[in-house]
2 protein chains.
Amino acid sequence: MAADTSAEPRAWEIVLEHIERQLLSGELAPGDRLPGERALAAELGVGRSSVREALRVLEVLGLIRTHTGSGPSAGAIIISTPGGGMSALMRLQVAASGFPVADIVATRLVLEASVAGDLAAASATDHRPDLAGAERLLDAMDDPGLTAPEFLALDAAFHLALAEASGNQVITATMAGLRSGIEGYALAGLARIEDWHATSARLRSEHRAVVAAIRAADAAAARTRMHDHISGYYAETSPDPARIPA
Amino acid sequence: MAADTSAEPRAWEIVLEHIERQLLSGELAPGDRLPGERALAAELGVGRSSVREALRVLEVLGLIRTHTGSGPSAGAIIISTPGGGMSALMRLQVAASGFPVADIVATRLVLEASVAGDLAAASATDHRPDLAGAERLLDAMDDPGLTAPEFLALDAAFHLALAEASGNQVITATMAGLRSGIEGYALAGLARIEDWHATSARLRSEHRAVVAAIRAADAAAARTRMHDHISGYYAETSPDPARIPA
DNA sequence: CTGCACTGTGTGGTCTGACCACAGTAGCAG
DNA sequence: CTGCTACTGTGGTCAGACCACACAGTGCAG
C-alpha cells in the first residue's frame, strides 16, 4: 500500500516506451531502421529477450517488419500497416468472447453506411472518389465459375475498397479488422444459405445499386442501400435471427 | 519457388495459433488459467522465450493478464479487455503516423453520433438505456475547481459511458482506443483555447443537450448535437482548421 | 580485366540454463 | 491452536550460445 510513485515498469515496457517516444519526437519515422536488437538491449540496459518481446508486440501491431540477413532491407523497419494489427486484435478478441459477433456486425453497419454516404457526398464535389478498383471487383464477382468462398473474398475486398476510397485510414483499418473477426462466421454462415445462386445474384445487384447511388451523389440512398445490404446478408446467415442490429 | 506448403511459421506464431485454436474450440475460456510458460514450451516443442513472446502479444492485446507468485490468481489468465489492446494499437499507430489524427476524429464522429442516435431510439422502447453513470460524470464536470486536464478526463469518461450504455462492446472499445490515440493532441489543444471558462461552459451545456435529446427519444437531435459537439471542439483546438471532418 | 565462387560479417530467430522476486502453502515450533 | 519459517512454483529477466540468412568483400580462374 506504499505510495509507489515509480511502479517499476517491466523491461519490455521500457523498450516499448522508448520506441514510442522516439516515434512521437520524430526521431524515428516510417521507413527508418531500428537499431539492432543487441544494440537496443545495451542502450537501454535490458536483456535482448526483453527487447525481442517489445519488438514482437510492435510487429503484431503492424508497426514494424523484421527481416533476417544483411543489407538495407534487413533488421526491424518502421512501417505502418494498421490493418494487420487491427485484424489480429479483432480475431483474438472474438475468439476469447470479448467481442460478440453481433456487435461487430453492428459496428460494420455504422461505418460502412457512413462510408457510402460520404462517398456519395464527395461525388457531388470536384474531389470525386476513385471507384475503379471497387468496380473491377464487382466485375470479377460476376464470374459464374466462382465458388462461394471465392465470392466472399471478393465481396470483402469490395467493401474494403470502398473504405479505402473514402480516404479514412482509421475506418479502412477498422473495417479490415472487423471483417477478419467475423470471417469464420461468414464462412460458416454459407451453410445456412439455401440457394446460393439466388443469393449471389442479389448481393451483386445490391453492390451495383450502392455504387450507382454513390455515383449519383445520392447520399441518403447510398447509406440505406449499404445498410440494408449488410443487414440483409447477416439476417440470412445468422444462426440467431432475433439479434439483428438495427 | 518450390511448392512450400508449410511456410515454416515462427516459433512464437505456433504458440499464438495454439492458444487461438483452444480459444475457438472452447478449450480455453475467459477466466481460465493458461499452462505455465515452461509447460507450454515443452508441450509445443519450443523454447520458453518463444512462449513468452506470444504471451506478451496476448497481454498487450488485452487477452491475458499475468501475475507472479503462486495461488489461484497467479500465472496467465484469460481475460477480455478489448479496450486496452485497442488503445495501445491506436496510440502507437498515431505515433508512427499510420493514423492521421483527422481520420481518428472523423471516425469518432461517426461512431458517437450513431451511439447517440441509437440511445435515443432505445429510449423510446422499454429497454431504456442506463444513463445514470454518464450523468454522474456530467455533475462532476460542473465542479468549478476542476483543472482543464481533469475536465478532459471526465469528458472522455462521459463519452465512454455513453458508448457503454449502448451495449456495443466493439464500439465501446474502439472509442476508448480512438480517444487514447488523440489524447496527446487533446491536451496539446488546450493551449489553443483562449477562454477556458467559456469553452467549459459550452461543452457542459452541449453534453446536457445530448443527454436531453436521448432521454426525449429524439434520435435525429441526439445525432446532430453529438456531431456538432465533437466537431466544434475539434475545430476549436485543431492546429489545422482546413481539415475538419464533415 | 572480367566473372564467379568463397569466405566474412552482421542481422534476426531460437534455445538453454540460470537467477531473481513474489505469493501461497505446508510444516514445524511454541 | 497460533505464528513463524522454509519450501515450491509462478512469471520476469538476463547471458550466452548456436543457427539460417543475406549481403559485401576477397581472391582465384578464365
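Proteins come first, then strands; the chains are lettered A, B, ... in the order of their sequence lines, and each starts at number 1.
Across all non-hydrogen atoms, the minimal contact from A:N168 to B:A106 is ND2-CB, 3.5 Å. Between A:A163 and A:M175, the shortest heavy-atom contact is CB-CE, 3.8 Å. For the pair B:A96 and A:L63, the tightest heavy-atom approach, listed with the atom from each and the gap, is CB-CD2, 3.2 Å. B:S87 and B:A176 make their closest contact through OG-O, 3.7 Å (heavy atoms, listed as atom of the first residue, atom of the second, distance). In plain terms, the two heavy atoms of A:P149 and A:L187 that are nearest each other are CB-CD2, 4.3 Å.
A perpendicular orientation is assigned to the rings of B:H207 and B:H159, their planes being inclined by more than 60° (bins at 30° and 60°).
Remark: C1' of D:dT10 and CZ of B:R65 are 13 Å apart, rounded to the nearest angstrom. Atom CG of A:L16 is separated from atom P of D:dG12 by 15 Å (rounded to the nearest Å).
With salt bridges taken as basic N to acidic carboxylate O contacts below 4.0 Å, none links B:R56 and B:E53.
A heavy-atom distance below 4.0 Å to DNA chain D is reached by none of the residues of residues 51-61 of chain A. Contacts of residues 42-50 of chain A with DNA chain D (heavy atom under 4.0 Å): A:G45, A:V46, A:G47, A:R48, A:S49, A:S50. Across residues 70-85 of chain B, B:S70, B:G71 each have a non-hydrogen atom less than 4.0 Å from an atom of DNA chain C (numbered order).
If B:R38 and A:G69 are placed on DNA chain D by their nearest nucleotide, the residue sitting closer to the 5' end is B:R38.
Using a 4.0 Å cutoff to heavy atoms of chain B, the contacted part of DNA chain C runs 5' to 3' from C:dG13 to C:dG24.
For the pair B:D103 (side chain) and B:P100 (backbone), a donor-acceptor distance under 3.5 Å is absent. No side-chain donor-acceptor contact under 3.5 Å links B:S180 to the backbone of B:R91. A distance-only check finds no donor-acceptor pair linking the side chain of B:S200 to the backbone of B:W196 [under 3.5 Å].
Minimum atom distance to the side chain of B:T66 is reached by D:dG12, of the listed D:dC21, D:dC14, D:dG12.
Here the CG-CD1 distance, from A:L92 to B:I19, works out to 9.5 Å after rounding to the nearest 0.5 Å.
When the side chain to side chain contact (heavy atoms under 4.5 Å, CB included) test is applied to B:A161, the partners found at least two apart in sequence or on another chain are B:A134, B:L137. Under the side chain to side chain contact (heavy atoms under 4.5 Å, CB included) criterion, A:T81 pairs with A:I79, sequence neighbours left out.
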